[in-house]
2 protein chains.
Amino acid sequence: MGVIRNTKSVQLVTEFFNSTKEAIGVVDLVEKFSEQMNKSTIYRILDRLEDEGKVHAFLGVNGLKHYAKCKDCSHTEHVDVHPHFQCTTCGKVECVSYEISIPKLPNKNIAQAQLLLTGTCERCTS
Amino acid sequence: MGVIRNTKSVQLVTEFFNSTKEAIGVVDLVEKFSEQMNKSTIYRILDRLEDEGKVHAFLGVNGLKHYAKCKDCSHTEHVDVHPHFQCTTCGKVECVSYEISIPKLPNKNIAQAQLLLTGTCERCTS
DNA sequence: TCTTTAATGCAACTCAGTTGCAAAAATAAA
DNA sequence: TTTATTTTTGCAACTGAGTTGCATTAAAGA
């Protein structure tokens, strides 16, 4: 349970997430960095960054894992309450700054809510 | 694009969904009917039932496909606007009768919303 | 510089879901 | 009922995301 080491690969991934506020699917990230690092490495780096709260993870419409770094992501414990939006035309995925209201259910204890919105983004809405 | 044939396997699956209002993961369904029918058959039957609007599909927390037949499921075109709840202790998954309000996003056209609630159910909440 | 410990690459694996194809079972037609 | 047509099924092989064991490499600390 040591410290995250500042390797070349970690730097590359971190820089990427600092450069965009969009979310990205792990598969795309693996493809993007296919020359620089191994698939396993990416999965493991993302795990560590998530543990540290540097990025947060969620599932896209197809059930594929996505990661993003949003403004909420610097807190020690990231509580993922904001929705995500995925464009069904261009595939773009992003965090939505909008606090969703979690419904109360009788006798149930709701710990987390994941809201995924799908449709067409500004560019793809004709 | 013919009619759905009323095979033994279709009957079994249909009866199952009529007997419960809970949702079930495809993996569990394959296990449940492992003696009666093949894995591919289940996947294909579920596809057909979904096309017909007899059941609806959604993804659980782990990204695994789940199906359920709820009261909304007899309409010709099923619009899946209700949330789902998954108990992190016992694993039970169910539809929640609660109309969620889809947030409007500027310049975006939101076609669908998927809300997944996780926590502990009535039985597992101590 | 040396030592310790974490991170990486690689290859092999797991597991959900899909697919091609021949055989079997429903439905429609005769 | 029998025959012809078309959908379903079983099977086995495959795809693709994500994981893992292990030997090697590279950080960080002393």
- Item | Set of residues satisfying side-chain hydrogen bond (donor to acceptor under 3.5 Å, both in side chains) with respect to B:Asn38, sequence neighbours excluded | B:Ser40
- Message: Distance check needed: D:dT9 P versus B:Arg48 CZ, whole Å only.
- Response: 4 Å
- Please state how far atom CG in B:Asn62 lies from atom P in D:dA17, giving the value in whole angstrom units. 17 Å
- Task: Starting at the 5' end of nucleotides 19-30 of chain C, put B wherever the base has a protein heavy atom under 4.0 Å, S where only the sugar-phosphate does, and a dash everywhere else.
- Result: BB----BBS---
- Note on the structure: Between CD1 of B:Ile42 and P of D:dT8 the distance, given in whole Å, is 16 Å
- Query: Is the shortest side-chain N/O distance from A:Tyr43 to OP1 or OP2 of D:dT19 below 4.0 Å?
  - Reply: no
- Message: With a 4.5 Å cut-off on side-chain heavy atoms, are B:Val93 and B:Phe58 touching?
- Response: yes
- Task: Specify the angle, to 10°, made by the local axes at the two ends of the helix from C:dT1-D:dA30 to C:dA30-D:dT1 when five pairs are taken at each end.
- Result: 30°
- Note on the structure: side-chain contact (heavy atoms from CB on, under 4.5 Å) filter on B:Ile45, not counting sequence neighbours, yields B:Ser9, B:Val10, B:Val13, B:Met37, B:Thr41, B:Arg48, B:Leu49
- Item | d(CD, B:Gln36; P, D:dC11) in whole Å | 13 Å
- Note on the structure: Whole-Å distance, A:Leu46 CG to D:dT19 P, equals 10 Å
- Query: Mind checking what makes salt bridge (Lys or Arg N to Asp or Glu O under 4.0 Å) contact with B:Glu122, not counting sequence neighbours?
  - Reply: A:Lys108, B:Lys92
- For A:Lys65, report the nucleic acid contact type (base, sugar-phosphate, nothing); a contact means any heavy atom under 4.0 Å. sugar-phosphate
- Message: For B:Thr125, give me all partners under side-chain hydrogen bond (donor to acceptor under 3.5 Å, both in side chains), at least two apart in sequence or on another chain.
- Response: B:Thr120
- Would you indicate, yes or no, if C:dA7 has its OP1 or OP2 atom less than 4.0 angstrom from a side-chain nitrogen or oxygen of A:Thr41? no
- Separation of atom CD1 in A:Ile45 from atom P in C:dA6, rounded to whole Å: 16 Å
- Task: Mind calculating the distance between CG (A:Leu59) and P (C:dG17) to the nearest angstrom?
- Result: 12 Å
- side chain to side chain donor-acceptor pair (under 3.5 Å) contacts touching residues 13-24 of chain B (sequence neighbours left out): none
- Round to the nearest Å and state the distance from B:Leu12 atom CG to D:dT8 atom C1'. 14 Å
- Item | Remaining members of the apolar cluster that contains B:Leu116, side-chain heavy atoms under 4.5 Å | B:Val61
- Does A:Val26 reach the side chain of A:Tyr67, with side-chain heavy atoms less than 4.5 Å apart? yes
- Message: Is there, by distance only and without an angle test, a donor paired with an acceptor across the side chain of A:Lys39 and the base of C:dG9 below 3.5 Å?
- Response: no
- Excluding sequence neighbours, so at least two apart, what forms side-chain hydrogen bond (donor to acceptor under 3.5 Å, both in side chains) with B:Asp28? none
